[in-house]
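Take a look at the structure below.
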Protein chains: 2
Amino acid sequence: MDFSQGVPEPTLRRLPTYCHFLRRLAQDGADVVSCRQIGDALHLDPTQIRKDLAYAGMAGRPKVGYPVPELLAGVENFLGWNNTQQAILVGAGSLGTALLGYKAMDRNGVRIVAAFDTSPDKTFQAIHQVKVLPMRKLVDLVGRMQIHVGILTVPAESAQTVCDLMVQAGIRAIWNFAPVALKVPDTVIVQNENLFSSLAVLSSRLQSTFQPRTLPEEDPS
Amino acid sequence: MDFSQGVPEPTLRRLPTYCHFLRRLAQDGADVVSCRQIGDALHLDPTQIRKDLAYAGMAGRPKVGYPVPELLAGVENFLGWNNTQQAILVGAGSLGTALLGYKAMDRNGVRIVAAFDTSPDKTFQAIHQVKVLPMRKLVDLVGRMQIHVGILTVPAESAQTVCDLMVQAGIRAIWNFAPVALKVPDTVIVQNENLFSSLAVLSSRLQSTFQPRTLPEEDPS
DNA sequence: TTTTTCTCGATAAAAATTTCTCGATTGGCA
DNA sequence: TGCCAATCGAGAAATTTTTATCGAGAAAAA
Ligand SMILES: NC(=O)c1ccc[n+]([C@@H]2O[C@H](COP(=O)([O-])OP(=O)(O)OC[C@H]3O[C@@H](n4cnc5c(N)ncnc54)[C@H](O)[C@@H]3O)[C@@H](O)[C@H]2O)c1
Ligand SMILES: NC(=O)c1ccc[n+]([C@@H]2O[C@H](COP(=O)([O-])OP(=O)(O)OC[C@H]3O[C@@H](n4cnc5c(N)ncnc54)[C@H](O)[C@@H]3O)[C@@H](O)[C@H]2O)c1
């Protein structure tokens, strides 16, 4: 398999889905699983799954499939989900609160160890067992705890400012929920999460079921 | 331009970003904008932007660029964001509450007109001015108000049940936040929103900055 | 007016990704 | 044991998406 370019992003995006499915399978006590089974459950092409798993370094056996526990462990390991990254979250608003309360995060590679906010109403409280601190504590805490991941859930207009602060503090990867393109040094990774992108795909598809964009060819009947 | 296959999904996912940028530009009173400017601001290739805009049916003028108001209106119109879809949300928990409070939704093609939940603690209250109703009211309301879009924010184990109910009620498109592959008839559109996909891309990238997956060639020094 | 420069539109090339095909391996079963 | 069916792995082909190139139009400058 060709690793010179790293793993294709689409593959990377599918792997967590496999993980989730495999976990349920493991709970149900399944020993082995074939790509076909996974494909049926997840509505994906078996060949593609096989290729994705190969990227993650997993091999199966003909006629049998993949051993579920090994496969799960292998994929989780590949994604770096067994040594959880510690993260901070900035912006303990609606979305921030939801993320703080999202228990599944722990099992998926990230643990939020502290939140930050400007609002005095929020600071020095705990939201879902995570302390909310004032912004001035950010740089020190990030440096002291060697935190690499920052989650950005402040309004769009504050995003760049907060981003700069994160970078200054030593954050290496930013998960950005604000709908802006952050400016960062080359050494910092930004992953944008844009809800409206998905929504656009949905509305566009929906719209085209009402009034298809393509005029149909003459019916050959 | 070739519309026989519909618009490419990557294009569709980029369009909302352009919209957001254009809105700010329009607020600032800009008359025209070139692909180059957009590309600089959004860190994208100008050629790609031009192609995306062409898919949306927008044309510019050489040397000048695109007129901002027309471009914005055109893209919004293309995405169906000017005749807002009404939607219901099921699962008024952490995430559901955040979405109900997300004001920007209105400007991006979807208005949540009602929420539903099984928990008696939640029902008959209003969250962010949206009423939360018990599940038994769902089918009637969806039918009566001719609602086509459903937002699914219940725990994974309830997702399929709720999905079936939505389909039965006449929902045509489901925006699914639960990490499961829903089973629906062909006529129903499902758009999955999987946070952990993005997170996987982020952690994988971060991991490879620490220990690149590719063994480096012999150092030529 | 003429020249220069910028930007679009269309087409072509390149790259990435998905899908297909085929042979090989394995386990089950007569 | 020997055959059959299921499944994997690898490479080829097809498709999709991104990037590059070129000519032309339009404004600004000379
Ligand atoms: N609510 C959603 O469902 C949702 C979904 C997707 C994306 N988003 C995006 O997430 C961001 C936050 O949305 P929200 O709905 O949670 O908003 P919100 O207003 O509820 O929360 C924002 C929080 O950030 C804090 N804040 C503001 N400026 C700050 C600063 N300079 N430094 C630190 N903290 C600051 C505020 O005190 C507030 O607590 C927005 O950019 C929004 O576009 C929200
Ligand atoms: N919290 C997050 O940040 C987050 C992020 C991404 C995805 N998700 C996903 O969104 C879903 C909800 O997450 P959450 O954190 O909001 O959970 P939550 O427990 O806070 O909320 C779930 C809500 O759904 C309601 N509910 C449960 N079963 C129901 C049913 N059968 N019919 C109607 N309502 C029902 C509950 O009463 C509760 O109000 C989960 O599938 C989760 O994986 C959550």
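Per chain, numbering begins at 1; letters A, B, ... match sequence-line order.
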Self-check item: Below 4.0 Å: OP1/OP2 of dT19(C) and any side-chain N or O of Gln48(A)
Solution: yes
Exercise. Looking at every strand, decide which applies to Arg13(B) at a 4.0 Å heavy-atom threshold: base, sugar-phosphate, or nothing.
Key: nothing
Self-check item: Nearest heavy atoms of Val32(B) and Gln37(B), plus distance in Å
Solution: O-OE1, 4.3 Å
Quiz item: Above 12 or not: heavy atoms from other molecules or residues under 6.0 Å from CZ of Arg36(A)?
Solution: no
Quiz item: Rounding to a whole Å, what distance do you find between Asp52(A):CG and dG9(D):P?
Solution: 13 Å
Quiz item: Is a side-chain N or O of Gln191(A) found less than 3.5 angstrom from the main chain of Ile174(A), in a donor-acceptor match?
Solution: no
Quiz item: Nearest to the side chain of Arg50(A) - dA26(D), dT7(C), dC8(D)?
Solution: dC8(D)
Quiz item: Is Thr17(B) reaching over with its side chain to a backbone N or O of Arg14(B), donor-acceptor style, under 3.5 angstrom?
Solution: yes
Quiz item: So, does the side chain of Lys63(B) form a donor-acceptor pair with the base of dT4(C) at under 3.5 Å?
Solution: no
Quiz prompt | From dT18(D), dT21(C), dT7(D), nucleotide with atom closest to Thr47(A) side chain | solution = dT21(C)
Exercise. May I ask you to evaluate whether Tyr66(A) reaches the phosphate of dG9(D), defined as a side-chain N or O under 4.0 Å from OP1 or OP2?
Key: yes
Quiz item: Rounded to the nearest 0.5 Å, how far apart are CG of Leu202(B) and CH2 of Trp175(A)?
Solution: 8.0 Å
Quiz item: When the nearest nucleotide of DNA chain C is assigned to Glu9(A) and to Pro62(A) on a heavy-atom basis, which residue is associated with the more 5' position?
Solution: Glu9(A)
Quiz item: In whole Å, what is the span from the CG atom of Leu53(A) to the C1' atom of dT18(C)?
Solution: 15 Å
Quiz item: Is any side-chain N or O of Arg61(A) closer than 4.0 Å to OP1 or OP2 of dT25(C)?
Solution: no
Quiz item: Taking atom P of dT7(D) as reference, at what distance in whole Å does atom CE of Met58(A) sit?
Solution: 18 Å
Quiz item: Of all the choices, dT17(C), dG27(C), dT21(C), which nucleotide is nearest to the side chain of Val64(A) once you look at every atom?
Solution: dG27(C)
Quiz prompt | Nucleic acid contacts - residues 28-45 of chain A versus DNA chain D, non-hydrogen atoms under 4.0 Å | solution = Ser34(A), Cys35(A), Arg36(A)
Exercise. Quick one: closest heavy-atom pair of Gly93(A) and Asp117(A), and the distance?
Key: N-OD2, 4.2 Å
Quiz prompt | Lys51(A) NZ - dC22(C) C1' separation (whole Å) | solution = 13 Å
Exercise. Just say parallel, tilted or perpendicular for the rings of Phe196(B) and Trp81(A), cut-offs at 30° and 60°.
Key: perpendicular
